Amino acid sequence: MKQDIDSKARIIKTASLIALFGNTLMAAVKIGTGIYGGSLAVIGDGIDSTVDVLIAIMSLIVAKIISRPADEDHPWGHGRAETVATTLLACLLFFAGAQLIISSGRDILSEAEKEVPSLPALIGTIISIAGKLLLAWSQHLFGRKADSPMLKANAKNMTADVLLSAGVLIGLGASWIFSVGIIDSWAAVLVGLWVIKSALGIFAEANTELMDGGSNKVYYQAVFDAVKSVEEAGHPHRVRMRRIAGLWDIDIDIEVPPNKTVVEAHWIAFKVEKAIKERVENVYDIMIHVEPAGNLEDEGYGLSEETLS
């Protein structure tokens, strides 16, 4: 398990370094061309990329934290640092989107005459779209390889950035065609709303993990099937599955014939654990509680196969 965590930390570090250098370049290009070309929407797009730079730095810190072994203060390890970082990522995105909407809204409400953005803003946006496509693709590949919620969230964020930049490009084009500079401010508002939407989606996913909820029922069914594949193991119930930074922590109760010795019951549980790991990838830990068959104790939490459907 330590080797899996170390491998995941290395992948996150590599992905974060690529994102750090790529987004630093993108932010510089967009903010520079936005200022020179007089486009608030392009500057806002550059601010969003600046947030991505902060995210990459945060990811590097997380990679170092999650590689630490479990200790007395953190017996479950440090994997949840990634989930906390994903939540902070969502907050940063929300703040950046809100600030952009406020700044653009002031221009719209003031009804001041706004100049049409010039060619450098358009060039910067085109470069941004191409660069973000490459970065989103790389983060998606690394996120899938490491099964990292943080990298997957960042890949979604960068994919949204591509659409965001495309919206900015459309706004710039409309400003040029109709010679109306305020269109750029309206485009910036739409960009801000999109950023906030992405932030709320990322926060919802991270919050589900922090609250130990929302596991896909397909995984529960895989656990039930694993128990049924082991002779003399029956009635899997009170099953609870939660994610710790992409790894599964599983609790389950099973029943064995009441005449079995402790040693025999232990080996049945061992076979169940092995069967579960063969069906569910990235298992962090499995806790199996053995009960005598026919136990009628009323247990009001966890899932059974009957309650799954």
Side-chain angles (χ1 to χ4, degrees), residues 1-12 59 62-89 143-153 202-230 233 235-256 265-291 299-305 307-308:
M1 184 56 63
K2 178 64 165 64
Q3 184 178 2
D4 292 341
I5 294 175
D6 287 344
S7 176
K8 180 175 182 175
R10 285 195 298 271
I11 294 172
I12 291 176
S59 299
V62 168
K64 185 175 182 180
I65 293 174
I66 68 172
S67 63
R68 295 175 183 172
D71 54 37
E72 292 180 0
D73 294 327
H74 304 89
W76 291 99
H78 298 79
R80 278 284 167 86
E82 184 179 0
T83 315
V84 173
T86 304
T87 305
L88 291 175
L89 182 159
R144 189 170 60 180
K145 186 175 181 180
D147 195 19
S148 167
M150 181 175 63
L151 292 183
K152 290 177 182 178
I202 292 171
F203 177 80
E205 290 184 14
N207 187 61
T208 296
E209 182 169 321
L210 286 173
M211 295 293 292
D212 295 330
S215 300
N216 192 319
K217 291 184 178 181
V218 172
Y219 294 105
Y220 277 95
Q221 189 60 57
V223 171
F224 295 132
D225 292 341
V227 176
K228 288 188 288 188
S229 71
V230 177
H235 191 210
H237 59 286
R238 208 167 62 165
V239 181
R240 287 152 292 166
M241 301 179 68
R242 63 175 179 172
R243 301 276 277 190
I244 301 178
L247 303 176
W248 286 110
D249 173 43
I250 303 171
D251 290 351
I252 179 173
D253 286 17
I254 63 171
E255 292 185 358
V256 302
H266 167 77
W267 282 111
I268 292 173
F270 175 79
K271 292 176 183 177
V272 168
E273 181 178 344
K274 183 179 179 182
I276 292 174
K277 288 181 177 179
E278 289 173 352
R279 288 167 171 77
V280 180
E281 294 182 350
N282 300 320
V283 173
Y284 177 78
D285 187 37
I286 302 176
M287 180 65 69
I288 300 176
H289 178 229
V290 177
E291 299 175 349
E299 295 158 336
Y301 49 91
L303 296 183
S304 64
E305 195 164 16
T307 60
L308 189 62

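None of these values were measured; they are calculated from a predicted model.
- Of the residues listed (Asp251, Asp253, Ile252), the one engaging His289 in a side chain to side chain contact (heavy atoms under 4.5 Å, CB included) is Asp253, and it is the only one.
- A distance of 10.0 Å separates CD1 in Ile288 from CZ in Phe270, rounded to the nearest 0.5 Å.
- In this structure, CG on Asp285 lies 9.5 Å from CZ on Arg242, to the nearest 0.5 angstrom.
- Nearest heavy-atom pair across Ile254 and His237 is N-CE1, 4.5 Å.
- How far OH of Tyr220 is from CD1 of Ile250: 9.0 Å, rounded to the nearest 0.5 Å.
- Scanning all heavy atoms of the two residues, the minimum distance from Ser229 to Ala275 falls at OG-CB, 3.8 Å.
- In this structure, Lys228 places its NZ atom where more than 12 heavy-atom neighbours from other residues, nucleotides or ligands lie under 6.0 Å away.
- The two atoms that bring Val280 and Val283 nearest to each other are O-CG2, 3.3 Å, heavy atoms only.
- Nearest heavy atoms, Ala222 versus Arg279: O-CD, 3.5 Å.
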